[in-house]
Amino acid sequence: MASITVSHLVKQFAEKRAVNDINFSLGEHEFLVLVGPSGCGKTTTLRMLAGLEPSSEGDIQFGARRVNDIRPKERNVAMVFQDYAVFPHLTVYENIAYGLRARGAPSAMIAERVPKAAKIFRIDHLLTRKPRQLSGGERQRVALSRAMVRDADLYLYDEPLANLDAQLRYQAREDIMALHREKQRPSVYVTHDQSEAMAMGDRIAVMRAGRIEQIGSGADLYERPDNLFVAYFIGTPSINLFDVEIRNGEVGGLFAYSSAVSLRVAQEHEAALQPYLGKQVKLGLRPEDLHVPRLATFPVSAENQVQGVVNVVEPSSAGCAVYLSTLDESGKDYVATLRTRMPASYLGKEVPLAANMARAHYFDPASELAIRAQVTD
Ligand SMILES: Nc1ncnc2c1ncn2[C@@H]1O[C@H](COP(=O)(O)OP(=O)(O)OP(=O)(O)O)[C@@H](O)[C@H]1O
Ligand SMILES: [Mg+2]
């Protein structure tokens, strides 16, 4: 059963339409991540869910109840704000206890829960301090503890880890997920970091300019992006995009052709690309789908190799990221993430990489929509 349903939600600030007709529903235990570039309407969406910002149009339902006109306090929502607002005049302990006290929680409950929440976020040694005596990261963890200490019907997080260093960020992520599993309540988590979204979300909604471009599991968004924006936004490094023309091969089949590449279209993509014969499309190849030919797990031939010159090799824990440019005049930059090390002697050399064309993506350059075979189910 969906516990939260948002339909045709709009927020109009004077001339600015910050949220433009968004729709989603949240399962009872679901952790939804909203991700998108700065200014796309993430905070505004959360503030409408919390009741801090009136909506201009549309409905927000908690269960069967429409809550648009219900005051924030009566919605029983816990929210961690982007600017980790904490009360400067209260100690860390009182900051964490604030929401519980405001709702008249018994003192025994407060005495039990506050130290527990502080311990989870590793600020239990700071309970008597005031916020001005804390670092930004510690203040952020106070704000997290304050939200998580409560039993709310909906948890909202607005970029709560932005001020933490990489290690703490990773720990805090785990802590939030552990508490989420314990509480089993719907949660909406905002970030502009797609890797955080992929790591945390049961589902991810990718927003752009007030709209949800696509909503689905991390694997859905990565494997089957609906459009260029989602394809480019999800995955790091970003997907490589080549402008190509769809042509007939000399001995059958279709080719994605440009001055930089000539790649045979995988059989499973031929039907969808047939209408584009003689036309331009955008070919997307994820960095992970370019391989050292002798290590490829699929047959390699002249029809699925991209030739380029190596500009930069960046070692990573799993292998390396290789930045190349194509050999033609366009010198188009692209990147491959390899599961092997590439010696520095390859710098400046020409290297063929094998493209796993079964995993290629194609987009209509005008509509920017994915070109896909119609799925009938
Ligand atoms: N009170 C307001 N009055 C007018 N415009 C606003 C107001 N609040 C937000 N906006 C505008 O609405 C748009 C969405 O803002 P919002 O804060 O929701 O973005 P965001 O996705 O959270 O961005 P960020 O990642 O930078 O936090 C922005 O263009 C912003 O300038
Ligand atoms: Mg914001």
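Just follow the structure's listing: the first ligand is 1, and inside any ligand the first atom is 1.
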**Q.** ligand 1 atoms in contact with Ala18 (distance to a heavy atom under 4.0 Å)
**A.**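 Matching atoms, with element in brackets: 12 (O), 13 (C), 14 (C).
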
Q. Which ligand 1 atoms does Gly41 reach within 4.0 Å, using its non-hydrogen atoms?
A.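 Numbered from 1, ligand 1 contributes 14 (C), 18 (O), 19 (O), 20 (P), 21 (O).
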
Give me the residue, atom name and distance of the protein heavy atom closest to [atom].
atom                    : result
atom 9 (C) of ligand 1  : Phe13 CE1, 3.5 Å
atom 23 (O) of ligand 1 : Gly39 N, 2.8 Å
atom 18 (O) of ligand 1 : Thr44 OG1, 2.5 Å
atom 11 (C) of ligand 1 : Lys16 CG, 4.0 Å

Q. Does Asn356 offer a backbone N or O that forms a donor-acceptor pair with the side chain of Asp289 under 3.5 Å?
A.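 No; zero donor-acceptor contacts below 3.5 Å.
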
Q | Expected output: side-chain Glu223 to main-chain Asp220 donor-acceptor under 3.5 Å | A |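 Pair absent, no side-chain N/O of Glu223 close to backbone of Asp220.
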
Q. Under 2.8 Å from the Mg ion (ligand 2), is there an N/O/S atom belonging to Thr43?
A.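 Within the cut-off used here (under 2.8 Å), Thr43 does place an N, O or S atom near the Mg ion (ligand 2).
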
Q. Taking atom 24 (P) of ligand 1 as the point of reference, which of Pro37, Ala162, Gly36, Ser38 owns the nearest heavy atom?
A.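 Of the listed residues, Ser38 has the closest heavy atom.
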
Q) Does some side-chain heavy atom of Phe24 sit less than 4.5 Å from a side-chain heavy atom of Leu9? A)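 The answer is no, as the side chains (C-beta and beyond) never meet within the 4.5 Å cut-off.
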
Q. Any side-chain heavy atom of Leu52 within less than 4.5 Å of one from Phe81?
A.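 In contact.
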
Q. How does Lys42 reach ligand 1, by side chain, by backbone, by both or by neither, if only non-hydrogen atoms under 4.0 Å count?
A.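 Both backbone and side chain of Lys42 come within 4.0 Å of ligand 1.
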
Q: Could you see which bit of Glu159 sits under 4.0 Å from ligand 1, with heavy atoms only: side chain, backbone, both or neither?
A: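 For Glu159, the contact with ligand 1 is made by the side chain alone.
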
Q. If you group Ile, Leu, Val, Met, Phe, Trp and Tyr by side-chain heavy-atom gaps below 4.5 Å, do Val188 and Leu161 land in one group?
A.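 No, separate clusters.
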
Q. Does the N or O separation between Thr43 and ligand 1 drop below 3.5 Å for any pair?
A.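 Looking only at distances, the answer is yes, because the N/O contact criterion of under 3.5 Å is met.
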
Q: Examine Arg286 relative to Tyr222 and say whether NZ or CZ is less than 6.0 Å from the centre of the six-membered ring and inside a 45° cone about the ring axis.
A: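 Geometry flag: set, cation within 6.0 Å and 45°.
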
Q. Got a salt bridge between Arg103 and Asp151, using NZ or NE/NH1/NH2 to carboxylate O under 4.0 Å?
A.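 No, this pair does not count.
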
Q: Specify whether the nearest protein heavy atom to atom 27 (O) of ligand 1 is under 4.0 angstrom away.
A: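 Yes; the ligand atom in question has protein heavy-atom contact below 4.0 Å.
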
Q. Under the 4.0 Å line, does any protein heavy atom show up next to atom 30 (C) of ligand 1?
A.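 For atom 30 (C) of ligand 1 the answer is no, since every protein heavy atom stays at 4.0 Å or beyond.
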
(Q) Distance check, rounded to the nearest 0.5 Å: Gln171 atom CD versus Ile176 atom CD1? (A)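 Rounded to the nearest 0.5 Å, the CD-CD1 separation comes to 12.0 Å.
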
**Q.** Between Ser325 and Asn311: side-chain donor-acceptor atoms closer than 3.5 Å
**A.**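 Judged by distance alone, the side chains do pair up.
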
